[in-house]
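Following: one structure in structure tokens, then a few remarks.
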Amino acid sequence: MKKRALMALPNLTATDEMKKIATSDLPRKEKTDYGYVREVCEYYTYLRCIKQDGILKVAFFFPEHLRLDGSNPAYEVYLDKENRQFITYNSLIQKWSESKLDRLDWKRQYWYTKAYWISDEDETSIQAYLNINKKAVEAIRQFQRDVREEQLEQRHRRETDPWDKDMEQVPELPKDWSHWVDKVAIQQNYIYYHYKKGGAKTGYCTYCEKEVPIKVHPHHNQQGRCSCCRHPVVFKAYGRAGYMQTEKHFAYLIQRCKVGFVVREFQADRTYRKESLPNSRLYCQEIRRTIYDRERKPRTYYWGLYKQRNMRWISGSPCSYSWSGSHDGRVYGKTLPTLEQKELRCTGLVNWIRKQKSVDPEKYLAVLERIPQMEQISKASLPKLTRECFSSCGTVSELIKNRSTGSLIKALGLDSRRFQRLRLHNGGCDLLRWLQYEKGTGREIPDNVLLWMCQQDIEPGDVQFIADRMSMVQVYNYVRRQMPSFRRNSHEVLRTWEDYLSMAKKLHMDVYDEIVYRTRKLRRRHDDLVLKCQEKDIELQAEEMEEKFPHVNAICQEIKAKYEYADADYMVVVPDGILDIITEGRALHHCAGSSDRYWDRIERRESFVMFLRKTDDPFHAYYTLEVEPDGTVRQKRTEYDRQKKDIEQATEFLQKWQRVVTARLTESDKALAAESRILREKEFIQLKKDRVIIHTGHLAGRLLADVLMADLMENTDSIQSPALAAAA
């Protein structure tokens, strides 16, 4: 609709009759049934219309304007029935709008639809033009709703037409599909029997669908086998059986289509009702389709509610908490032989289905796309590595060294002898990683050492810090000798050993001297070096840390304005830099200034070190805090890594401080906080898994993970923030 042509249509002004009615129809106050007082009158709007050049022009007048002898309409609505268009001109603000009537600014919303004045001639004209047998305003609203619905449908069809074209090539279901689902896909069957003294001799088998002899003394819900079909069954007494539904089973149908093949996923179960026993009702719903082209590129659809309008096939995967993404189930077998010769050739899928019985074909093909050697791994008698292709696909994919070769041995980065060792011990990713490391270094590692490393979940990267000085056999023997002092935890031995060598290097000890790196009593030597590191000159230590972690000082200065806060009792102070943190650690005798992990976390903005002070004594070390970017307090420790009862008095202040910090956070702060939370949770999980125990101080004997979790003080305001949830 061209606006210039619309403005050229004849003007519609108020008639004398309309002004006269509006003047006499003065608003009056009326009390409603609910006790409210409102202004009412007979007419809230007045209408005139004209039809010219196929356009219907309808003018809306407000009564308050007519009472002041106004002649111009408030709104002019233009309708084009042939082209299915409409537009409104707002005379009050002199702007065009494509809104429907109910979206315009009415002083008494919706009353204009119930009480309006229009001449009989104009109302008949509107009804005749729109061919809608409703009152004038309702006819206009109906036309506008229909136009909007058609426009919405057109927009949706631009998206759905390609989907429907894809769905047209999906073949019909096989004729015996329902029977196959009932007998093969659903694997729960029952024998219904009438209770008799001495035991029932016959019963109805739901798989055989006939009376069969019972060779055992049955009890209700007892498991057994049918004497005829030999299928596992559950015995059900008619007198005790009622409404029952089997578990939901998944079934798959693979069929040829125009562009390649389609994998169809179904969900099926049986329902039994007391009044119709032993008969059942079969339910089978198709929930997912994945079409693969000739290059095996997938296009996935699911059955769902499209834009809150109708149920149909929708491209993509359902966004639902109930959809877990992968389900094993039985696969219909009659279509597989022909597909195996062409579409599924060189995939190994058909052989996998025959071997495994219950599979998810879509997951198999997705794993095969990422790990092309999976079929070879499966056929090479490596069951553990085959399982890990599905459970740890990313890890196996990273261990594939050469994807282009046709040789599995070369693809795994091994030689024939090491490949035979992998098969002999049914190795998975852990053993494969060690064999690759052995081949890369050229240093032989005995099988018993490799298997022990795998059993302890130790990877080559875990021992890299000492691999240039000791063989793996020596590492194996040394760790085992030290384990009794570490509650039999090999990972704790390795962490302490690496930390010990790091401190020894800082103290300019010869870490390549066997007496140093193979110290006989590792824990005692580690604790000794901790004390020596604390005794080292603070400024020298600060200079070394500034060289190793060059951004810490700048980060501390940058975050001061955001995190510092004080009230009458307490204050949170951000240190000026590394020197302040080391000084604080010395004053309170804890490890905040002597451990590289805190500097590394600040450098990566995972967490920051801050000081809790009393407002009346701001220069006296009180508590040291480890704080995540959103204000979550990971740790709060005073002298000798302790917490005293007085920290409970400061908790309310810290909560108030967290609320203040939340208001100051930027989107980048929230994103950093989300990453920090993930890293913290991973660390807690690993500490629990390794059962790391505190051996010194007042917390000796307790699990480190439990202590850290109890100390955690999360900023709940920040966690509930929508932006932070999105970032997470």
Side-chain angles (χ1 to χ4, degrees), residues 434 437-438 440-545 547-549 582 585-586 589-600 640-641 690-697 700-701 704:
W434 273 107
Y437 172 81
E438 181 190 77
T441 58
R443 300 169 68 180
E444 191 77 18
I445 305 175
D447 282 359
N448 68 309
V449 175
L450 290 180
L451 296 176
W452 185 85
M453 294 288 192
C454 295
Q455 180 188 4
Q456 294 293 316
D457 199 22
I458 298 173
E459 299 180 2
D462 296 334
V463 295
Q464 202 61 40
F465 68 93
I466 197 65
D468 58 340
R469 280 155 277 185
M470 297 173 66
S471 69
M472 287 304 108
V473 175
Q474 292 173 316
V475 172
Y476 161 76
N477 290 326
Y478 182 78
V479 172
R480 291 183 68 204
R481 282 198 301 270
Q482 298 295 329
M483 281 176 65
S485 301
F486 290 84
R487 304 289 182 98
R488 311 299 300 175
N489 191 315
S490 58
H491 278 275
E492 190 177 348
V493 174
L494 291 171
R495 279 197 297 269
T496 304
W497 194 5
E498 185 176 8
D499 195 25
Y500 158 74
L501 291 177
S502 174
M503 290 188 292
K505 188 175 181 180
K506 290 178 187 177
L507 295 170
H508 305 292
M509 298 171 64
D510 185 2
V511 293
Y512 287 89
D513 187 330
E514 186 176 3
I515 294 178
V516 175
Y517 70 75
R518 278 181 88 170
T519 182
R520 186 163 165 265
K521 295 184 178 181
L522 177 60
R523 179 175 291 284
R524 180 181 297 178
R525 290 295 295 148
H526 171 270
D527 294 343
D528 290 343
L529 291 194
V530 170
L531 294 175
K532 286 185 179 181
C533 283
Q534 291 176 349
E535 293 169 1
K536 196 173 183 181
D537 181 72
I538 292 179
E539 292 185 1
L540 180 61
Q541 185 182 354
E543 289 177 5
E544 291 179 359
M545 291 300 102
E547 184 177 347
K548 189 173 182 180
F549 301 97
I582 295 175
R586 295 285 184 89
H589 308 289
H590 55 49
C591 61
S594 60
S595 176
D596 283 3
R597 68 174 179 270
Y598 294 109
W599 309 122
D600 183 57
Y640 300 103
D641 230 12
D690 295 342
R691 295 192 62 78
V692 178
I693 296 174
I694 300 171
H695 294 278
T696 59
L704 178 57

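The shown structure was predicted, so the numbers you read here are calculated from the model rather than taken from an experiment.
Taking the side chain as every heavy atom from C-beta outward, Arg469 and Val511 approach each other to under 4.5 Å. Residues Met545 and Lys506 are in side-chain contact: their nearest non-hydrogen atoms beyond the backbone lie under 4.5 Å apart. Contact check for Ser490 versus Ile458: side-chain heavy atoms found under the 4.5 Å cut-off. A heavy-atom distance below 4.5 Å is found between the side chains of Tyr512 and Asp468. Gln482 places a side-chain heavy atom less than 4.5 Å from the side chain of Tyr478.
Outside the 6.0 Å centre-distance limit, the rings of Tyr500 and Trp497 are not counted as a close aromatic pair.
If you take CD on Glu438 and CD on Glu444, they are separated by 4.5 Å, rounding to the nearest 0.5 Å. Remark: Met470 CE to Asn477 CG distance equals 8.0 Å, nearest 0.5 Å. The line from CZ of Arg525 to CE of Met503 is 10.0 Å long, rounded to the nearest 0.5 Å. Here the CD-CE distance, from Glu459 to Met453, works out to 12.0 Å after rounding to the nearest 0.5 Å. Between His491 atom NE2 and Leu494 atom CG the span is 7.0 Å, to the nearest 0.5 Å. Once rounded to the nearest 0.5 Å, the distance linking CG of Leu507 with CG of Asp528 reads 11.0 Å.
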Q: Might you work through the side chain to side chain contact (heavy atoms under 4.5 Å, CB included) test for Lys521 and His526, ending with a clear yes or no?
A: CA-CA 9 Å; Lys521 295 184 178 181; His526 171 270; over 6 Å; no
Starting from the C-alpha separation in whole Å, work towards a yes-or-no answer on salt bridge (Lys or Arg N to Asp or Glu O under 4.0 Å) for Glu543 and Lys548.
CA-CA 9 Å; Glu543 289 177 5; Lys548 189 173 182 180; over 6 Å; no
*In sequence, state the C-alpha distance, the side-chain angles, and the governing distance for Val479 and Trp452, and then conclude on side chain to side chain contact (heavy atoms under 4.5 Å, CB included).*
CA-CA 11 Å; Val479 172; Trp452 185 85; 3.9 Å; yes
Could you pull out all donor-acceptor pairs under 3.5 Å where a side-chain atom in residues 513-520 meets a protein atom, sequence neighbours excluded?
from: Asp513; atom 1: OD1; to: Ile515; atom 2: N; distance (Å): 3.0
from: Glu514; atom 1: OE2; to: Arg518; atom 2: NH1; distance (Å): 3.1

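The side chain to side chain contact (heavy atoms under 4.5 Å, CB included) test with Val449 singles out one residue from Asp447, Ile445, Leu451, and that residue is Ile445.
Relative orientation of the Phe549 and Trp599 rings is tilted, given thresholds of 30° and 60° on the angle between their planes.
Side-chain atoms of Arg586 and Gln541 include a donor-acceptor pair closer than 3.5 Å.
Of all heavy-atom pairs spanning Ser502 and Asp596, the tightest one is OG-OD2, 4.3 Å. Contact record, Tyr437 with Ala467: OH-CB, 3.5 Å, taken as the closest heavy-atom pair.
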